[in-house]
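A, B, ... follow the sequence lines: proteins, then strands. Residue 1 opens every chain. Just so it is clear, the model here is predicted, and its values are computed rather than measured.
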2 protein chains.
Amino acid sequence: MVPVNQWIKIKAPATVANMVCGFDILGFAVNNPYDEMEMRLVPRVNGQASITIINLDDYHLPTDPEKNVAGAALIALIEEYTANSIIEKSLSSEMDANSKNTDAAESSSCTKNNLIDFATIGFEIKINKLIKPGSGVGSSAASSAGAVVGANYLLGNPFTKDDLVRFAMNGEKVASGVKHADNIAPCIHGGVTLVRSIFPLEIVALPSPTLFVTIVHPQIEVRTADARSILKQNVQLKDAIKQWGNIAGLVAGLMKGDYDLIGRSLEDVIIEPVRSILIPGFDELKKACKAVGALGGGISGSGPSIFFLSKEKETALAVEQEMKKVYENLGLAYHTYVTNINQTGVEIEG
Amino acid sequence: MVPVNQWIKIKAPATVANMVCGFDILGFAVNNPYDEMEMRLVPRVNGQASITIINLDDYHLPTDPEKNVAGAALIALIEEYTANSIIEKSLSSEMDANSKNTDAAESSSCTKNNLIDFATIGFEIKINKLIKPGSGVGSSAASSAGAVVGANYLLGNPFTKDDLVRFAMNGEKVASGVKHADNIAPCIHGGVTLVRSIFPLEIVALPSPTLFVTIVHPQIEVRTADARSILKQNVQLKDAIKQWGNIAGLVAGLMKGDYDLIGRSLEDVIIEPVRSILIPGFDELKKACKAVGALGGGISGSGPSIFFLSKEKETALAVEQEMKKVYENLGLAYHTYVTNINQTGVEIEG
C-alpha cells in the first residue's frame, strides 16, 4: 500500500478494439498514444468527495465522479473494496487521527492486509488526456483502466486484473451506454486480448508476433452510441459463418505467427460495411494501404480512427504516407501514429 | 504412380464436424470408426465406365458414380486431372496397347510425371462402409475423401491436400446438397481443422492437446438436408458475438492446450438449441456427461450422433456409461465409441 498523499504516475495506452473481424471480443494495446495520469490517496475532511478529479487537458471532461469515466470506474472499485472489507478499526481510527497531519499519514503503517476506510480516505486523480476523446482508440478505456490500475496499486493490489476490467467497464458504460470490455481488457492486460465472455467475464491473452500498427485519426466526430445504433440487430447466418471463420483464422494466425493467415483473416463482412459509411475516404484508404503491403486493417473500435497492421516498420511508414494522401486530398484534418503492440498494459511509476 | 491393376488399401476416418460452436468451419477426425476401401487403376475396354464402384457392405448405396459420393468426388478429380494434363500420347498409346494384357500394364513405366489418359484407364473401388450412413460422423466424407486420396496415390500424388478437399466436396454435395468441407478437411488432413474460407478454399490445421472422444449414435434417422433446413437464416447479432467469443476461445484453448478454456468454449447458442430438438434425450445426456467430468460436447455434425470430449480416458469411459444409461432408459438402440483424435487423416496401405 502506498502511503497517503504520495503521488504515483500512470501511463495508460490507447487500444484498438474489434481488430476487424472480432466485433466486441478482440482488441490490442498500442505504445502510442497514451494518457498520463497522477494519483494519490488523500485524507478526507468533512463533506469532501471520496474521488477528486483534476483535468490537466483542454477537453473539459466532467469532474463529477459519476459522470467521468475514471470516476465511475473508481466508484465501482471503492464499492467492492468496501463491501468486501473487514475494516480494521484500529487502523481506520489511526488514519482518522492523522488526517490533519499529512506527514504522519504518509508514514502510517498500512500494509497490504490492512484495509483503508473510504469514509476517511479518498482518491485524488489528475488526468492529462493525450488520447483525444472520441477518436476511436480507447480514450475512455485508458481513463477508466488507468484509474483502477492506479487505485489498485495505491491500495496494495488487492484486486486481480479481471476485477479491474470489471470495474473499468463501468467507465465504458458512462461513455457509450454499454459495458463493453474490448478496449479495457487490452488496456489493462496489454497485448492482444480476447473477451471470450462478458457474463461471466473471461479475458484470454493471445500471443502475437511483432506487428507494426499505423493509425489515422481523421478529425471528425463519430459518437460510439451512434456507431452502435446503426448496426443491424440481426445478421445472416451465412455472413456469421464467414465472420467466425475469419475470427478463428485470426486467432490461429496470431498464435502461429503466420502473417499471411493474419492478413487473410482481417476481413469483416458484418460491421464494416455498415459503419464505414460514417468515415469519409474509408474504401479508398483501405485499398491504398493494402496496395503498399499492409497485412490488413479497418475501423478502430467504432471509428473514426482507422488502423492497419504491417509485418515491417517500413511498410507501416508507407501506410502512413497513403493515409496522409487520402485525407489531404479530402481536405480533412487528421493525425497519424506509427507504433507497435504494447505488451504491458497500464504502467505505474511509483 | 501405382501400376495398373495393383490394389491399394485405404482407411478413411470418421469425423466430427462443427465441434459445438464452429458451425460449418471446425471439425476433427477420430480413430474409430473408419471406412475400409480398396482401389486400383484398371484398363478400360470400350464403353466401360471410368469409375466402377463395388459396395462390400449392406447399405445398398448407389453404384452410379454420379449418384455415389465417392464417385462424384472422383469425377471432379478426373475432370481436373484431364483438363490440366498434357497427355503424353506415346504413353497413352502404350497403355492402350497393353490394355488387354494386365501383366504388361502393371509393369508399364508410368512415372509421376507421366500422365495417364482416362479414355483408356479407369478406377475400380471397393467400399466397405464401417461408418453407418446418416450417423452424423462424416460417413459420406469418409467415402469421398478416401476415394480421392486413394486416386491421388494411384496417380503418383499430382494433387495437394487442398485440391483433394475441393474434389471431395462434390461428394458432400451429392449427400446433402451443399458443398461443405467441415468433415472433408479433417478426414484428409487429420487432427482438428479450420475451414477459414470456402471460396477460395482455405484449410488451417489446428494443433490440439490429447483429447479423448466419446460418441453415441442413437439409431434414429436425421437427414443432413432436414437438419439444415430447420436452421434459421438470420441470427441475432448478440448471439453471433457470443458464438464468435466461444470460437476464438476454442481455437486459443486448443492451441494453448488449456483444457478448461476448451471446456468453457464448447457452447453453441445458435445451432444446438434448434437442432437438438431432433435428438431424443439430448439435454439429459449433455447434463449427465458434463456431470461425470466431460469437458464439453454436443451434436456431431447434423446429428443424430452426439460426442463429448474428455481430458482422461477414464472420464471418456464414464461418459460412455452415461450415454448408455440415457438410451437404455429411452429404449432406443444405440452404438457407442470411445476413441481419440486421429492425427493422420486418410491412410493408404500400398
Of all heavy-atom pairs linking B:L194 and A:G249, the shortest is CD2-N, 3.5 Å
Under 4.5 Å from any heavy atom of chain A - which part of B:I247: side chain
For the student: nearest non-hydrogen atoms of A:P207 and B:K256, plus distance: CD-CE, 4.3 Å
So, the part of A:K232 with a heavy atom under 4.5 Å from chain B: the answer is backbone
B:Q236, B:K242, B:R264: which one forms the most heavy-atom pairs within less than 4.5 Å of chain A? B:R264
Contact class of B:L237 relative to chain A, heavy atoms under 4.5 angstrom: both
If you tally heavy-atom pairs under 4.5 Å between each of B:I271, B:V251, B:L254, B:L26 and chain A, the highest tally belongs to B:V251
A:S265 versus B:R196: any side-chain heavy-atom pair under 4.5 Å? yes
Look at B:D258, B:D239, B:V195, B:N246 and state which one has the largest set of heavy-atom pairs under 4.5 Å with chain A. B:N246
Where do B:W244 and A:F23 come nearest, in terms of heavy atoms and distance? NE1-O, 3.1 Å
How about A:E202 and B:L261: do any of their side-chain heavy atoms sit closer than 4.5 Å? yes
Is any side-chain heavy atom of A:N234 closer than 4.5 Å to one of B:V235? no
Looking only at B:G22, B:C21, B:A240, B:A248, the option with the highest number of non-hydrogen pairs under 4.5 Å against chain A is B:A248
Which region of B:I270, side chain (C-beta onward) or backbone (N, CA, C, O), has a non-hydrogen atom less than 4.5 Å from a non-hydrogen atom of chain A, or is it both or neither? side chain
Minimal non-hydrogen separation, A:A252 against B:L206, with atom names: CB-CD2, 3.7 Å
